[in-house]
Each structure stands twice: as C-alpha cells, then as structure tokens.
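Please read the structure below before turning to the comments.
Quick caveat: nothing in here was measured; it's all calculated off a predicted structure.
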Amino acid sequence: MADLNIKEIQNLKLKIQIVEQITIIGVILVVIGFYHDWGVPAGLLAGVLVILQIVKWRFKKQLKQKEYLARIVEERTIELRVQRDRVMKESEELSTALAALAKAQDELVRNERMATVGNLTKGLLDRILNPVNYINNFAGLSIDLLKQLEKNVADKDTVMNQDIYEDTKEIIDMISGNLVKIADHGVNTVRIVKAMEDLLKDMKGHTVPADINNLCKVNLDVIAKLFEEEIRKYGIKLHFSRLTLSLMIDMNIEQMSKVLLHLMKNSMYALVRKAAREEYEPQLAVKLEKLNSSICIKVHDNGIGIEDNIKEKIFEPFFTTKPTAEASGIGLYLSREIVLNHKGMISVESDKNKFTEVSVTIPIHQNTEDNE
C-alpha cells in the first residue's frame, strides 16, 4: 500500500512538472501572439493556459491529499514497527524470565529434595550407627570366642563321645557362619549409613581453575592402579582422547575427581562382568570435547550396558544393580548433584550388552557469585 502511494505521488509530481513546462511554453506563445497580433489563436492559447492552471491546481490538490495520506501511513507504520519491536523485546524478556524461573524452580526442587533427605537421614544416623557398631563388635568377639571353643573341643575330642563331638562341631560351624553373616551385613549397613552421611555434606564448595586434561589423566591412572589385576587378567584397554590444547576449567577439583572416579569404576565393573562370562576386547575410553563455552567429558565402555527398564532410576539415591556388599547406590546420585552444582549436565546412553556412555558437560567458567 505504501509503495502504491509513493508511485501515485511521483506520477502526480511528474504531471505537475509537465503542466508547468507546457504553461511556460504557452505563456511565451501568448506573448508572441499578442505582440504579432495573432488575434484568435492568442486568445485560444490564453484559454488553454487557464485550463492548464485549473488542471495543475487539481493535481496539486490530489498531491497534497496523497502526501497527507502517505505521511499518515508512514507514521502508522513507524508506530507499528515500534510496537512490534517493543512486543518482541518484551517477548524475549519474558522468555528469559521464564527460563530463569524454570531454572530457579528446578534448583528449588533439588534443594528441597536434598533438605528432605538430609532431615530424614540426620535423625537416623546416630540411632542406626551406634547399634550397628555394637552388633559388629559383638559379632567379631563371638567369632573369636567360637574359634577358641572349637580349639578347646578339638583338644579334648578323645574324651567326648563321637556323636556329641560331631554335633558340637556342627553347631559351632552353624553359629560361626551366622556370625560371619551378621558381621558382613553389619559392615554393609555401616557403609550405607556412611553413604547417608555423604548426602548431608555440602557439595558446592569453591571452584578454582584446573587443567581438565591433567584431571582426567590423573583419575584414569588411579583407575589403572586400582584395577591393575583385572586389567592384566582380562586385557582391558584404556584410552584417553585429550584436548589438543591445555584448557583451564573452573571447578571443585576434589568433587569432580569423585565424579570421574565413580564413572570409571562403574565402567570397569561393567567390563569385568562381561569379560568374566565371554571372550571379547574390553575397552574403557575417556574423551574430551570443547563445545563453545563448555567442556564435555565422555566416559565410554563396551561392557554389559544398562537395561532399558532401569535407565530412569539410575540417578535415584540408594538405587543400584550391584550386590549390597559392593555398592550403596548413591554414587550416580551424588555425581549428578556435583555436576548440577557446577551448572552442568550429565546424561547416559546405553545399549544392553553393547556399551554405556556417560557425558558430563560443564561450563568452562563458573559464576563465582553462585559458589560463594
């Protein structure tokens, strides 16, 4: 519509210019006609000039109306553009606010969950830990006493009736086995209670710049030392793909080391489980990738993988597929909390009996205000 008004205005201006030029020529001809006494032709030219002036006046009137309308349209267009820009800006601000609100809500829910777990755990620690310590201590003492009793019985077996001796030996063996089980379960209970204590610890801490290449390499070396026997027995290959350049990342070194060690230990467990039942080439790979302003740490293994029906549960506290004697079930939960405290994300991809890959993404630079 605006383009159409501009074209009409230009056409009207062109017409006015043409009329003015014809008028000038007509005036010259009229002057010449009167000077040479043309008579009637000069009068006709004068009449034509009058008509041209009327036409010019009409063109100017139309031009004035068109320019007025064009000005109104332009002002309205500018106003609409301003309104559009304001709406877009408000929309962007609203989108940013909603994103911040969603992030704050997630943080609030997480903090409330941690507070709830903490409150429930704190009241149970002393009540559980002290009796369990007594159970463990007395189980240990009883085992020692039974060993002494067994020795005494063995020394005097020639005096006892053979049936009584064998029955006594069987009872002693049964009691000894039960006490061993009590002791084992007591130790497991203590480990679970200690894990509950870990849930109460502050996992934020202060961040410092650290070389991400060195951090990953050091923790991979620790894993190589811890699982030296399994690596040699099953021929497990360890791979590390470092960044081409040294990169300093803002992080809590102790906590991120816990995350990396736990993820690598999980991978080694999966590799050993699979290697113990079938022949294959077990591999653990740690890879670093730079993603704009973030760093991604990928821990990949070709072990037993994770079943689809438990993938949504692996980050829940105290959930584990390992035997009770081997794990408390809070490793992945605490790892996720540590990563979230670093303003990062953790995700898992897995295919049963094929592979598992855990990706930890954290920003290169932390907001120091959030860590104080």
Side-chain angles (χ1 to χ4, degrees), residues 1-110 245 247 249-250 289-296 340 342-345 347 359 361-371:
M1 185 68 181
D3 292 339
L4 183 60
N5 288 335
I6 292 174
K7 290 180 179 180
E8 291 178 351
I9 290 172
Q10 291 176 344
N11 289 334
L12 286 172
K13 288 182 177 180
L14 180 60
K15 291 178 181 179
I16 292 173
Q17 290 178 356
I18 293 172
V19 170
E20 288 177 345
Q21 291 175 357
I22 295 174
T23 301
I24 293 172
I25 295 173
V27 169
I28 294 173
L29 292 174
V30 169
V31 172
I32 294 173
F34 279 113
Y35 180 78
H36 292 283
D37 194 18
W38 286 352
V40 175
L44 290 174
L45 284 173
V48 170
L49 289 175
V50 173
I51 294 173
L52 287 174
Q53 291 304 309
I54 295 173
V55 171
K56 178 181 176 182
W57 174 79
R58 291 188 61 185
F59 284 162
K60 284 188 174 182
K61 185 177 180 181
Q62 292 178 5
L63 177 61
K64 187 175 181 180
Q65 292 175 344
K66 295 293 183 182
E67 289 178 338
Y68 175 74
L69 291 174
R71 187 167 58 253
I72 293 177
V73 170
E74 184 178 0
E75 291 175 354
R76 183 56 179 166
T77 301
I78 294 174
E79 183 180 350
L80 290 174
R81 287 175 180 171
V82 172
Q83 292 178 354
R84 181 199 63 188
D85 294 341
R86 184 166 60 248
V87 170
M88 291 180 65
K89 183 178 179 180
E90 292 175 352
S91 177
E92 291 176 357
E93 292 176 351
L94 179 60
S95 178
T96 303
L98 289 175
L101 178 61
K103 184 177 180 180
Q105 287 177 335
D106 291 341
E107 186 73 14
L108 179 61
V109 169
R110 192 164 64 89
L245 298 175
L247 184 61
I249 308 295
D250 292 342
E289 295 180 355
K290 187 176 181 299
L291 307 173
N292 296 324
S293 60
S294 299
I295 192 75
C296 181
L340 290 176
H342 281 75
K343 311 303 178 186
M345 298 181 298
S347 61
S359 299
T361 304
I362 59 173
I364 295 175
H365 299 293
Q366 296 285 319
N367 185 347
T368 55
E369 296 180 355
D370 295 337
N371 295 294

Atom pair CD/CD of Q83 and E90 - distance to nearest 0.5 Å: 10.5 Å
Crowding at CG, N292 (>12 non-hydrogen neighbours, <6.0 Å): no
Set of residues satisfying salt bridge (charged side-chain N to carboxylate O under 4.0 Å, His left out) with respect to R58, sequence neighbours excluded: none
Side chains of I362 and I249 in contact at under 4.5 Å (non-hydrogen atoms): yes
Side-chain touch L80/R76, heavy atoms, less than 4.5 angstrom: yes
Check: S347 and S359 side chains under 4.5 Å, non-hydrogen atoms: yes
Any side-chain heavy-atom pair of R84 and V87 under 4.5 Å: no
Neighbour count >12 (heavy atoms, 6.0 Å) for atom NZ, K290: yes
Student check: side-chain heavy atoms of I364 and L247 closer than 4.5 Å: yes
Interatomic distance, H365 atom NE2 to S294 atom OG [nearest 0.5 angstrom]: 10.5 Å
Heavy-atom side-chain contact between L291 and I295 under 4.5 Å: no
Salt bridge (charged side-chain N to carboxylate O under 4.0 Å, His left out) partners for E74, two or more places apart: none
